[in-house]
There are 2 protein chains.
Amino acid sequence: MENLRVLKHLAMMDAVKDFIPISSGEIAKMLGMSQQSSSKKILELIDDEIIERRFGAKKPLIKITKKGVGLLQKEYADYQRIFEALKKLSAKGVVISGMDEGRYYLTLKGYKEQLKRKLRFSPYEGTLNLKLLSSESGKLNILKESAGINIDGFQDGERTFGPGKCFHAKIRNADCAVIMPNRSHYSNVVEIISKDYLREKLKLRDGDEVEVEIRL
Amino acid sequence: MENLRVLKHLAMMDAVKDFIPISSGEIAKMLGMSQQSSSKKILELIDDEIIERRFGAKKPLIKITKKGVGLLQKEYADYQRIFEALKKLSAKGVVISGMDEGRYYLTLKGYKEQLKRKLRFSPYEGTLNLKLLSSESGKLNILKESAGINIDGFQDGERTFGPGKCFHAKIRNADCAVIMPNRSHYSNVVEIISKDYLREKLKLRDGDEVEVEIRL
DNA sequence: ATTACTATAGCGCGAGTAG
DNA sequence: TCTACTCGCGCTATAGTAA
């Protein structure tokens, strides 16, 4: 319904609260349409009991009805859903065995202490590797494009360890985090850390399918 | 722009995050229009750089561009403004002298203790009377229709004191509250209480115009 | 000033259809 | 299957104008 635009404009002029003095010509000007069209739309809105009008001494008075406020709320809720969903990302994957590389990195003080401080938990020294379903491939790009929580790189003797990032996440209601290097070759595997040994806590075995909810 | 409806629908299907596989026919069905119209609208959105399309192996892939997300955010912000404004009410009035009736009620334990508990401050034993400008007359009706914070009535010996309600408010950044009886004759005067003697704290004299911000 | 009618102009929708 | 063209009908917006 295009009349929603008119309704929204009236709402932004506080016609949700109380009658506001406004003429069809003024509404028309605001919305870039003719007075005649505006008049017609107003009549339609009145017909649908979305707004209410009174002819006062001076300008006509318009107020949005409960039904009209309901329409606006529904619309508002839709936008809330859109932007709430934007903060989250859920992806399905199957548990696989890594090559204990993750475990090695987690023993390094340079990473370990940062993770503890920034994630507010001491990670169990090992990662759970999740191979995302092929249908979820795009989700990894989202993670790569998102800032997340930055993990600085560092030097240890002569070896350099690169920077990365992580995201708070949940698997079956267990708090965890997704960690990834900033520079990564193509991969459809994500590494998950948690304060607990997730394989045991969640009774996971290679091949099990799980869903991870990531907070961007 | 009617195309906003199409854009919103795409957003609700997560096309803000990533490319989603969807055909013009599917979009058409969802929005109750013909495949032809849907196709045209898609082309318009692409032309305006609001969405981006790729033709993959299977279905066409559609994603909302930054510009498109910007449009949605603007729309979302409008709705936020509408509903945030609904929680507040500001009204202008001039300071007048009451007949110390307010002061009397505030000395009564039955009201005083409720106000302290429910407003979380001990009111100064006196009220500031504000006569609303005639242009603000509608605002009082809003207050009357709003629930506010309920103040119970009580009995004291043989006299009955009626129930009322109050609202947290601010005058020139000073925390205060508007109090009003549930049953009130017509009046364009509101009574304000605060932990301080507002007349002194804000250097107010009869006839001064002030604006009160009321939290509904 | 307003609102809102009627008549007309023009745009948008969808059927048919090609690629 | 899909997209997207043309074309004709019809809806909708606006100009003119009455009340």
Side-chain angles (χ1 to χ4, degrees), chain A residues 1-15 18-65 68 71 134-135 137-138, chain B residues 1-15 18-65 67-68 71 75 134-135 137-138:
Chain A
M1 197 200 300
E2 163 74 355
N3 288 355
L4 187 68
R5 240 184 94 224
V6 182
L7 181 64
K8 199 193 89 179
H9 248 82
L10 289 170
M12 295 208 293
M13 304 199 61
D14 274 350
D18 198 9
F19 283 94
I20 56 162
I22 195 164
S23 71
S24 62
E26 286 173 295
I27 294 172
K29 211 181 289 173
M30 286 191 302
L31 296 171
M33 59 173 67
S34 68
Q35 175 272 321
Q36 290 86 339
S37 295
S38 162
S39 172
K40 198 151 163 259
K41 283 176 192 305
I42 291 168
L43 288 175
E44 281 166 18
L45 287 169
I46 292 170
D47 239 42
D48 295 343
E49 294 181 313
I50 290 165
I51 64 171
E52 200 182 330
R53 181 167 58 175
R54 287 183 196 163
F55 288 102
K58 287 183 70 182
K59 283 181 183 174
L61 298 168
I62 288 180
K63 186 188 178 187
I64 298 173
T65 63
L71 288 175
S134 55
S135 54
S137 61
Chain B
M1 196 201 297
E2 160 76 354
N3 288 354
L4 186 68
R5 239 182 95 224
V6 182
L7 181 64
K8 199 192 89 178
H9 248 83
L10 289 169
M12 294 208 294
M13 304 200 63
D14 274 349
D18 199 9
F19 284 92
I20 56 161
I22 194 164
S23 70
S24 62
E26 286 173 296
I27 294 172
K29 212 180 290 174
M30 286 191 302
L31 296 171
M33 58 173 69
S34 69
Q35 176 271 322
Q36 289 87 337
S37 294
S38 162
S39 172
K40 198 150 162 257
K41 283 176 193 303
I42 290 167
L43 287 176
E44 282 166 18
L45 287 169
I46 292 170
D47 240 42
D48 294 342
E49 294 180 312
I50 290 167
I51 65 171
E52 201 183 329
R53 181 169 57 176
R54 287 181 195 162
F55 288 102
K58 287 184 69 182
K59 283 182 185 175
L61 298 169
I62 287 181
K63 187 188 177 187
I64 297 172
T65 64
K67 188 176 168 187
L71 287 175
E75 202 67 11
S134 56
S135 54
S137 61

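Proteins get letters first, then strands, A, B, ... in listed order; numbering begins at 1 in each.
- Partners of B:D14 by side-chain contact (heavy atoms from CB on, under 4.5 Å), not counting sequence neighbours, listed by chain and number: A:A85, B:K17.
- Rounded to 10 degrees, the angle separating the terminal axes of the helix from C:dT2-D:dA19 to C:dG19-D:dC2 is 40°, with each axis obtained from five end pairs.
- Taking only side-chain nitrogens and oxygens, B:R54 never comes nearer than 4.0 Å to OP1 or OP2 of D:dT3.
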Can you give me the N/O atom pairs linking the protein to nucleotides 5-13 of chain D at distances under 3.5 Å, or say none if there are none?
unit_1, atom_1, unit_2, atom_2, d
D:dA13, OP1, A:K41, NZ, 3.2

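- Residue contacts shown for B:S24 are limited to sugar-phosphate atoms, with no base heavy atom under 4.0 Å away.
- B:K59 is linked by a side-chain contact (heavy atoms from CB on, under 4.5 Å) to B:P21, B:E26, counting only residues two or more places apart in sequence or in another chain.
- The side-chain hydrogen bond (donor to acceptor under 3.5 Å, both in side chains) test applied to A:T65 returns no partner, not counting sequence neighbours.
- The side-chain heavy atoms of A:R53 and A:F19, taken from C-beta on, include no pair separated by under 4.5 Å.
- Spacing between atom CZ of B:F55 and atom P of D:dT1 amounts to 17 Å, rounded to whole angstrom units.
- Chain A approaches DNA chain C over the interval C:dT2 to C:dC5, counting the first and last nucleotide 5' to 3' with an atom under 4.0 Å from its heavy atoms.
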Show every donor-acceptor pair shorter than 3.5 Å between a side-chain atom in residues 38-47 of chain A and any protein atom, with sequence neighbours excluded, or say none if there are none.
unit_1, atom_1, unit_2, atom_2, d
A:S38, OG, A:S24, O, 2.8
A:E44, OE1, A:N3, ND2, 2.8

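- Take the nearest nucleotide of DNA chain D for A:G32 and for B:G25: the residue whose nucleotide is more 5' is B:G25.
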Apply the test side chain to side chain contact (heavy atoms under 4.5 Å, CB included) to residues B:L7 and B:I64: give CA-CA distance (whole Å), side-chain angles for both, the deciding distance (0.1 Å), then the verdict. CA-CA 8 Å; B:L7 181 64; B:I64 297 172; 3.8 Å; yes
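- Scored by the salt bridge (Lys or Arg N to Asp or Glu O under 4.0 Å) test, B:K8 finds A:E75, A:D78 as partners (sequence neighbours excluded).
- Here B:R5 pairs with B:E2 under the salt bridge (Lys or Arg N to Asp or Glu O under 4.0 Å) rule; sequence neighbours left out.
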Could you walk me through whether B:I51 and B:V6 satisfy the side chain to side chain contact (heavy atoms under 4.5 Å, CB included) test, starting with their C-alpha distance in whole Å, then the side-chain angles of each, then the deciding distance to 0.1 Å, before giving a yes or no? CA-CA 10 Å; B:I51 65 171; B:V6 182; over 6 Å; no
Do A:M30 and A:I22 pass the side chain to side chain contact (heavy atoms under 4.5 Å, CB included) test, and can you show the C-alpha distance, the side-chain angles, and the key distance before you say yes or no? CA-CA 11 Å; A:M30 286 191 302; A:I22 195 164; 3.7 Å; yes
